[in-house]
Amino acid sequence: MSVTDRKLLERIWKAVAAIPRGEVASYGGIARRAGLPRRARLVGHALKVAPANLKLPWHRVLNAQGRISLPAGSRAHRMQRRLLEQEGIVFRNGRVDLARAAGFDLDALLWRPRRD
DNA sequence: GTTGTGACGACTT
DNA sequence: AAAGTCGCCACAA
């Protein structure tokens, strides 16, 4: 693995670490915030290989549909959903309930689930 | 080198 | 809404 590849991963990890508690972001959005537009798949890869010691809020990263991308029914899938609900995020029909009432930031693709 | 796969996404049918 | 298609590209075989 080249040094530059390593740097890309680090930039992605940093962007993920910046997702505030109670909010979620998309793979594509993280890629853009990391300065890597159109590299959504790389974000998935970055999370897969992320060292556990970084303690990244990986569960706050969803696909563009607001759905969990991990295999449905898998252990990891259930854990992601649990972690999200644990911080107040509500699911509706298998999708994160995205109410863009206030704070919906299209540019950053950072979503704010309705908080009531 | 080539091929298939995949924690993706935008567009078009 | 749902299914294809295409672009993207790291990785394993």
Side-chain angles (χ1 to χ4, degrees):
Chain A
M1 172 185 269
S2 78
V3 188
T4 53
D5 288 341
R6 185 72 188 189
K7 285 188 194 267
L8 297 189
L9 294 183
E10 289 175 352
R11 277 158 63 188
I12 291 169
W13 293 334
K14 192 171 172 182
V16 172
I19 306 172
R21 190 176 181 293
E23 295 187 23
V24 292
S26 69
Y27 292 91
I30 290 299
R32 283 196 301 181
R33 288 197 353 166
L36 301 165
R38 290 183 256 44
R39 303 296 305 276
R41 299 190 90 117
L42 182 60
V43 173
H45 176 68
L47 290 179
K48 185 160 66 174
V49 303
N53 57 54
L54 290 184
K55 307 252 193 300
L56 294 179
W58 60 272
H59 57 287
R60 298 180 188 143
V61 185
L62 304 168
N63 63 32
Q65 279 47 252
R67 307 172 55 86
I68 290 173
S69 283
L70 291 161
S74 69
R75 186 72 88 68
H77 184 290
R78 281 191 299 280
M79 168 176 298
Q80 183 170 11
R81 175 156 180 165
R82 183 175 62 72
L83 289 171
L84 286 171
E85 294 180 323
Q86 199 168 285
E87 44 187 77
I89 287 168
V90 178
F91 281 76
R92 197 181 13 146
N93 310 342
R95 301 216 318 82
V96 165
D97 188 4
L98 303 173
R100 66 296 222 351
F104 181 70
D105 186 339
L106 198 89
D107 283 331
L109 269 192
L110 205 57
W111 303 326
R112 270 190 103 77
R114 175 177 294 287
R115 198 153 289 295
D116 283 353

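In what follows, every chain begins at residue 1, and chains take the letters A, B, ... in the order their sequences are listed.
- Looking at heavy atoms from C-beta onward, A:I30 lies in side-chain contact with A:I19 at the 4.5 angstrom threshold.
- Distances shown here put every side-chain N or O of A:H45 at or beyond 4.0 Å from the OP1 or OP2 atom of B:dG6.
- Within a 6.0 Å radius of CZ in A:R81, other residues, nucleotides and ligands contribute more than 12 heavy atoms.
- The CD1 atom of A:I68 sits 15 Å away from the C1' atom of B:dC8 (whole-angstrom rounding).
- Nucleic acid contact class of A:L42 (heavy atoms, under 4.0 Å, all strands): sugar-phosphate only.
- Rounded to whole Å, atom P of B:dT5 lies 14 Å from atom NZ of A:K48.
- Atom CG of A:L47 is separated from atom P of B:dG6 by 17 Å (rounded to the nearest Å).
- Summarising the geometry, the separation between CG on A:L8 and P on C:dA10 is reported as 8 Å, rounded to the nearest angstrom.
- Atom pair A:R67:CZ and C:dA1:P shows a separation of 11 Å (rounding to whole Å applied).
- Residues A:L62 and A:R95 are not in side-chain contact: their nearest non-hydrogen atoms beyond the backbone lie 4.5 Å or more apart.
- Distance CG (A:L36) to C1' (C:dA10): 13 Å, rounded to an integer number of Å.
- Within 3.5 Å, a donor on the side chain of A:R41 pairs with an acceptor on the base of B:dG6, or the reverse.
- In this entry the distance linking CD1 of A:I12 with P of C:dC9 reads 12 Å, nearest Å.
- Distance, A:Y27 OH to B:dG9 P: 8 Å, rounded to whole Å.
- The shortest distance between side-chain heavy atoms of A:V90 and A:V96 does not fall below 4.5 Å.
- Separation of the C1' atoms belonging to B:dA7 and C:dA2 is 22 Å when rounded to the nearest angstrom.
- Note on A:R39: only backbone sugar-phosphate atoms sit closer than 4.0 angstrom, heavy atoms only; bases stay farther off.
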